[in-house]
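So the structure is just underneath, and the comments pick up after that.
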Amino acid sequence: MLKFLSRVRIEFNALDPRTASCLEFLAQCNARKAKESNPSCAVQVKRRTDDEPPKITVTFVNGVEEVFDATATPAQDIRNMILEKGQSLETEQMFRDAGEPWPVVIPAEELHQPAPGTKVRKGFTFL
């Protein structure tokens with residue numbers, strides 16, 4: 001998960017009962033496998049003393065920053081979103097490395113073309 005991030009900032013009040021998502025996400029960030037995927041990703045924890053709701057801010061390797069309200073978003077959902085966006089970043093990079101423009105623009109006439117037929121083998125019986 002950290003492979004796609006350059007920075008993670010987790011802010012919460014330790015006495016706030018809404019911190020479960022922050023603590024779970026912090027545990028995922030501190031896991032050996034996550035750290036090994038990107039040792040240069042900075043994981044910062046800010047322990048607050050006010051009533052501000054817990055939040056998680058992630059910065060992707062391309063500089064895009066996203067802030068999550070950790071009271072309403074489970075840690076697993078945040079992790080899944082990071083992985084999805086990371087795969088999109090990898091796809092974009094593959095196209096750029098191949099010298100192809102990004103984003104890929106598919107002409108409208110190609111979108112409405114019928115799909116080619118599928119070959120059907122005769123003589124086979126499925127049980």
Taking a hydrophobic cluster as the set of Ile, Leu, Val, Met, Phe, Trp and Tyr residues connected by side-chain heavy atoms closer than 4.5 Å, whether directly or through intermediates, do L83 and L89 fall within one such cluster? yes

Co-membership, hydrophobic cluster, residues I82 and V67, 4.5 Å side-chain: no

Do the side chains of F25 and M1 get nearer than 4.5 Å, heavy atoms only? yes

Cut-off 3.5 Å, side chains only: do Q28 and E24 have a donor facing an acceptor? yes

Please check this pair: side chain of T59 against backbone of S6, looking for a donor-acceptor N/O pair closer than 3.5 Å. no

M81 side chain reached by D77 side chain, heavy atoms, under 4.5 Å: no

Could you please spell out the steps behind the side-chain contact (heavy atoms from CB on, under 4.5 Å) verdict for F4 and N38? CA-CA 8 Å; F4 308 113; N38 185 1; over 6 Å; no

Contact summary for C29 and K35, nearest pair of heavy atoms: O-CG, 3.6 Å

Might you confirm whether atom CD1 of I106 has over 12 heavy atoms from other residues, nucleotides or ligands at distances under 6.0 Å? no

With side chains defined as the heavy atoms from C-beta onward, is the minimum distance between S21 and T71 less than 4.5 Å? no

Taking all heavy atoms of H112 and all of A108, pick out the closest pair and write down the distance. CD2-O, 3.0 Å

Assess whether side-chain contact (heavy atoms from CB on, under 4.5 Å) is satisfied between L5 and V61, documenting all intermediate values. CA-CA 5 Å; L5 304 175; V61 292; 5.8 Å; no

Indicate yes or no: does E92 engage R96 in a salt bridge with an N to O separation below 4.0 Å. yes

Just wondering, do V8 and Q44 contact through their side chains at under 4.5 Å, heavy atoms? no

Less than 4.5 Å apart, side chain to side chain, heavy atoms only: is that true for E100 and M94? no

Given D69 and K55, is the side-chain contact (heavy atoms from CB on, under 4.5 Å) satisfied, shown in steps? CA-CA 5 Å; D69 174 7; K55 68 179 178 180; 5.9 Å; no

Could you tell me whether K46 and E52 make a salt bridge, using a distance below 4.0 angstrom between a side-chain N and a carboxylate O? no

For S37 versus A34, what's the shortest heavy-atom pair and its separation? OG-O, 2.6 Å

Distance-only side-chain donor-acceptor flag, D97 / Q93, under 3.5 Å: yes

Any chance you could lay out the side-chain contact (heavy atoms from CB on, under 4.5 Å) test for F12 and L23, step after step, and finish with the verdict? CA-CA 9 Å; F12 62 92; L23 296 176; 3.7 Å; yes

With side chains defined as the heavy atoms from C-beta onward, is the minimum distance between I78 and I56 less than 4.5 Å? yes

Please collect all side-chain hydrogen bond (donor to acceptor under 3.5 Å, both in side chains) contacts where either partner lies in residues 10-20, sequence neighbours excluded, each pair once. R9-E11, E11-R48, D16-R18

